[in-house]
*Asks:* 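Let me give you the structure first, and then I'll get to my questions.
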Amino acid sequence: MSLRLYNTLSGEKEHFEPRVADTVTMYVCGPTVYNLAHIGNARPVVVFDTLFRVLRERYATVTYARNITDIDDKIIAAARDSGRSIESVTDEFTLKYREDMAALNTLPPTLEPHATHNIDAMIRLTQRLIERGHAYVSAGHALFAVESMPEYGALSGRRLDDMLAGARVDVADYKRHPGDFVLWKPAADDEPGWDSPWGRGRPGWHLECSAMIREHLGDSIDIHGGGRDLIFPHHENEIAQSRCSHDGEFVRYWLHNAYVDIDGEKMSKSLGNVRSVRDLLQHYRGEVLRLALLTAHYRSPLNFSSDLLDQARHTLDGFYTTLRSVEHIEPVGPVDITAEPVFAALEDDLNTPLALAELHALAKALHKALDAERPRLKARFLAAADSLGILQATPASWLQDATAADELDAAAIEQLIEQRRRAKQDRDYALADTIRNELMAAGIALEDTAEGTLWRRGA
RNA sequence: GGCUCGGUGGCAGAGUGGUUAUGCAGCGGAUUGCAAAUCCGUCAACGCCGGUUCGAUUCCGACCCGAGCCUCCA
C-alpha cells in the first residue's frame, strides 16, 4: 500500500507522489492570532498532524510549515479594543496557540513563518504580478485582476459569471472587476503599515500564504491543507497569485477538512457556542479532545458534544486498561509500522475511524495473546497508537491522576482499599461492599485481581 | 440563484455490486463472595421511488430531507 489522498482540485482520491523523491513539502493555513483557538481551529491541526506523522514514516525529509497571521484587521481591532499594542496581542495568542495545540499531542511544525517577517517577499510578489499584467494599482490599493487568469475558479468549481450572479457584496469602485481582490491596501496613520512602491500599507489576507510558501518551501509544494471554508476565496486566490507570478506547478494536492458543529449547529459567535480549546482543557484531557476529533473522517462534518467527549474518554480508558494489563511486559521491536493495518487505514486518505477499528483489533489480540507473543504485540500496539498520536502516557498516570483538585487523593484511596481488603479477609462482605460503594460514589472504580485490587478514576 | 457535499442498526461511525465493519449501549453466558476487568455468544442498518443487473445499501435518474461555500471564518 501507499498513501492516497483526496485532492480537492480533482475531486478524487489520488495516489500521492511527491514532486521530489523522498521529500515532501506541506503547508497548512495557521491561525490569525487575535483570540484563543477554538475546537474548530483545532481540527485541521490534529488532522494534518496525523498526516505529518504518516508522511514522516514514508519519506526521509518532510517539511511542514504552518503560518502565523500576525497582521490583520481583526488583530488591529482587538488591540484597539483592549488598549494594547499589536505585538502584545499577537505574542500572547501565538504563545497560547502553541500551548493549546501541544496539549492535543500535535507535533510542532517544521517551520512557523510569521506574516510580519515576510513583508518584503509579499511586496516582491505583488510587483511581479503587476509586471506580468495580472495586477494593477488603484486608489492606493494593489489589486489582482481576476479576468487576467482564464482558469480562475478551477479549485472551487466556479466561473466568474456565476459568481457575479450571486454577488451580494458592494463592489468597491476602484475595482475593475467585482471579483478582483486586494493584494496590498493603504494603512491609516494610526494603523500599522510598511512602506511599499504603492505607499504605506499592509498586505491583503491571501498574499501572505503565496509569498511565504515561495520564500520558505519553494515555487512548488506537494500538499496544501486547511478548512473547507478556505477553498473560496482564500485558496483560489492563492493559486491565482502564485500561478500568475511564476510559471509551472504550485500545489499538487489540495486537502480540506470539514467543520466541527456544536450540538448539531454551526459554531459561530452569534450563536454563542464557540468552544475554546483552552476552556475544554479545563474539563477534558488533550488526548480526549484529540481522539474525539479523529473519530470521524476528516472530510465529514463532526458533531462536537459532551456525549462525544465522554465516549472518547471511555475509549481511551479502555485502551489504557489494556496497556495496564501488560504493563510488566517489555515491548520488543522493531516494528514495521508501514505493515500495520492501522497505518494502512491512515494511508487511505487518513481513514481514522477505520484506523481506530484496527487499533481495537490489535488491543483485543494483545489481551488474548500467549505470553510469548505479547512483547511484540505490545510494541506493535504502541507504535500503531503513536501514528494516531494517542496512548503515549503511562496507564497509571492516565487512570489514576486526579484531573480536579477536589478529588480524593491516592493515599486516601489506598487506605480505603486496605480497609476493604481486611474486611474481605474477615468475610465481612457487607463492609467491603460499603467501602466499594463509597469509592464508587467518589468516582473511583475498583477491580479485584489475583495480584490485589486495582483502582482508577472516572467511574 | 450558482457551486459543492451528505442521508448506514438505540448512539457514534467505516465500507462494499452477492459472505459479521468496528466501538459504545442492550441481551445471554463464562469468570467473581458480589462486582469490575476480561473472554464467548447474540439482537439490530443501509432516506423515498424508479432503472441497470442473475443480484444494489453499493452504479444511474428523479424526489424528499439536511449541511457547507458564494461575505471575515478551520
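Computed from a predicted model, the values in this text were never measured in an experiment. Letters go in sequence order (proteins before strands), and every chain restarts at 1.
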*Asks:* Rounded to the nearest Å, what distance is computed from the OH atom of residue A:Y259 to the C1' atom of nucleotide B:G68?
*Replies:* 6 Å
*Asks:* Provide, to the nearest angstrom, the distance between the CZ atom belonging to A:R158 and the C1' atom belonging to B:C5.
*Replies:*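 Rounded to the whole Å, the gap is 13 Å.
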*Asks:* According to the interplanar angle, ranging from 0 to 90°, do the rings of A:W398 and A:Y320 count as parallel (below 30°), tilted (30 to 60°) or perpendicular (above 60°)?
*Replies:*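 Taking A:Y320 first and then A:W398, their aromatic rings lie parallel (interplane angle under 30°).
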*Asks:* In whole angstroms, how far is the C1' atom of B:G68 from the CE atom of A:M267?
*Replies:*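 After rounding, the gap between these two atoms is 14 Å.
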*Asks:* May I ask you to say what A:G40 touches in the nucleic acid, namely base, sugar-phosphate or nothing, with a heavy-atom cut-off under 4.0 Å?
*Replies:*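 Base contact.
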*Asks:* Who are the salt bridge (charged side-chain N to carboxylate O under 4.0 Å, His left out) partners of A:R376, not counting sequence neighbours?
*Replies:* none
*Asks:* Rounding to an integer number of angstrom, what distance separates B:G1 and B:C60 when you compare their C1' atoms?
*Replies:* 27 Å
*Asks:* Can you give the dot-bracket line for RNA chain B, using ( ) for pairs inside the strand, [ ] for pairs that cross earlier ones, | for pairs with another strand and . for unpaired bases, where Watson-Crick and G-U count if both distances are under 3.5 Å?
*Replies:* (((((((..(((.....[...))).(((((.......)))))....(.(((..]....))).))))))))....
*Asks:* Using atom P of each nucleotide, how far apart are B:A62 and B:C11 to the nearest Å?
*Replies:*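 After rounding to an integer number of Å, I get 30 Å for this pair.
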*Asks:* For B:U52 and B:U58, measure between their C1' atoms and round to the nearest Å.
*Replies:* 14 Å
*Asks:* What do you reckon, are the aromatic ring centroids of A:H141 and A:W184 less than 6.0 Å apart?
*Replies:* no
*Asks:* Nearest-nucleotide wise, let me know which of A:R299 and A:A42 is further upstream toward the 5' end of RNA chain B.
*Replies:*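 Mapping each residue to its closest nucleotide by heavy atoms, the 5'-most match is A:R299.
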*Asks:* Does the side chain of A:T403 come under 3.5 Å of the side chain of A:D401 through a donor N or O and an acceptor N or O?
*Replies:* no
*Asks:* Using ring centroids (six-membered ring only for Trp), state whether A:Y34 and A:F93 fall under 6.0 Å.
*Replies:*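 No - the distance between ring centres of A:F93 and A:Y34 does not fall below the 6.0 Å cut-off.
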*Asks:* Sequence neighbours left out, what pairs pass ring-ring contact (aromatic ring centres under 6.0 Å, His included) with at least one residue falling in residues 366-395 of chain A?
*Replies:* A:F319-A:F381
*Asks:* Would you mind reading off the distance between A:N237 atom CG and B:C69 atom P, rounded to a whole angstrom?
*Replies:*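 To the nearest whole Å, that distance equals 17 Å.
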*Asks:* Under 3.5 Å, is there a donor-acceptor pair between the side chain of A:T352 and the main chain of A:A355?
*Replies:*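 Looks like no, no N/O pair under 3.5 Å.
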*Asks:* Where along nucleotides 33-46 of chain B does protein come under 4.0 Å, by heavy atom, of base (B) or sugar-phosphate alone (S), with - for untouched nucleotides?
*Replies:* BBBBSSSS------
*Asks:* When rounded to the nearest Å, what value does the distance between C1' atoms of B:C64 and B:U22 take?
*Replies:*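 The same atom, C1', in both gives a distance of 31 Å.
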*Asks:* In whole Å, I'd like the distance from the NE2 atom of A:H234 to the C1' atom of B:A74.
*Replies:* 11 Å
*Asks:* Under 3.5 Å, is there a donor-acceptor pair linking the side chains of A:S156 and A:R158?
*Replies:*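 Yes, a side-chain donor-acceptor pair sits under 3.5 Å.
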*Asks:* Taking atom types as modelled and ignoring hydrogens, do the side chains of A:S2 and A:E347 form a donor-acceptor contact shorter than 3.5 angstrom?
*Replies:*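 There is no such pair between these side chains.
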*Asks:* Roughly how many Å apart are B:G9 and B:A14, using the P atom of each and rounding to a whole number?
*Replies:*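 Those two atoms are separated by 13 Å.
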*Asks:* In the 5'-to-3' direction, what one-character label does each nucleotide of nucleotides 12-17 of chain B receive under the scheme B = base within less than 4.0 Å of a protein heavy atom, S = sugar-phosphate only, - = no such atom?
*Replies:* -SSS--
*Asks:* Taking only the C1' atom of each, what is the distance from B:G6 to B:C27 in whole angstrom?
*Replies:*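 Here B:G6 and B:C27 have their C1' atoms 33 Å from each other.
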*Asks:* Mind telling me whether A:H206 and A:F181 have parallel, tilted or perpendicular rings, with 30° and 60° as the class edges?
*Replies:*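 Perpendicular, since the angle between the ring planes exceeds 60°.
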*Asks:* At what distance, to the nearest 0.5 angstrom, does CZ of A:R66 lie from CG of A:L111?
*Replies:*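 So the gap between those two atoms works out to 11.5 Å.
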*Asks:* Between the main-chain N or O of A:D222 and the side-chain N or O of A:T25, is there a donor-acceptor pair closer than 3.5 Å?
*Replies:*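 Yes.
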*Asks:* Between atom CD in A:E358 and atom P in B:U22, what is the gap in whole Å?
*Replies:*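 In whole Å, B:U22 P lies 11 Å from A:E358 CD.
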*Asks:* May I ask you to check if A:K266 and A:Y259 form a cation-pi contact, with NZ or CZ under 6.0 angstrom from the six-membered ring centre and within 45° of the axis?
*Replies:*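 Yes, a cation-pi geometry.
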*Asks:* Under 6.0 Å from the six-membered ring centre of A:Y6 and within 45° of its axis: does the NZ or CZ of A:R299 meet both?
*Replies:*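 Pair A:R299/A:Y6 counts as cation-pi.
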*Asks:* Of the listed nucleotides (B:C70, B:C5, B:A21), which one gets closest to any side-chain atom of A:R228?
*Replies:*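 My answer, after comparing the listed nucleotides, is B:C5.
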*Asks:* Contact class for A:V260 (heavy atom, under 4.0 Å): base, sugar-phosphate, or nothing?
*Replies:* base
*Asks:* Between B:C24 atom P and A:L309 atom CG, what is the distance in whole Å?
*Replies:* 18 Å
*Asks:* Using atom P in both nucleotides, what's the gap between B:C70 and B:A74 to the nearest angstrom?
*Replies:*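 12 Å, rounded to whole Å.
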*Asks:* For nucleotides B:G23 and B:C34, find the distance between their C1' atoms and express it as a whole number of Å.
*Replies:* 28 Å
*Asks:* Rounded to whole Å, how long is the line connecting atom CZ of A:F181 with atom P of B:U71?
*Replies:*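 Atom-to-atom, A:F181 to B:U71, this comes out as 13 Å.
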*Asks:* Between A:D229 and A:H256, is a side-chain hydrogen bond (donor to acceptor under 3.5 Å, both in side chains) present by the stated rule, with each step listed?
*Replies:* CA-CA 8 Å; A:D229 52 318; A:H256 295 97; over 6 Å; no
*Asks:* For RNA chain B, determine which residues of residues 374-400 of chain A have any heavy atom closer than 4.0 angstrom to one of its atoms, and list them numerically.
*Replies:* none
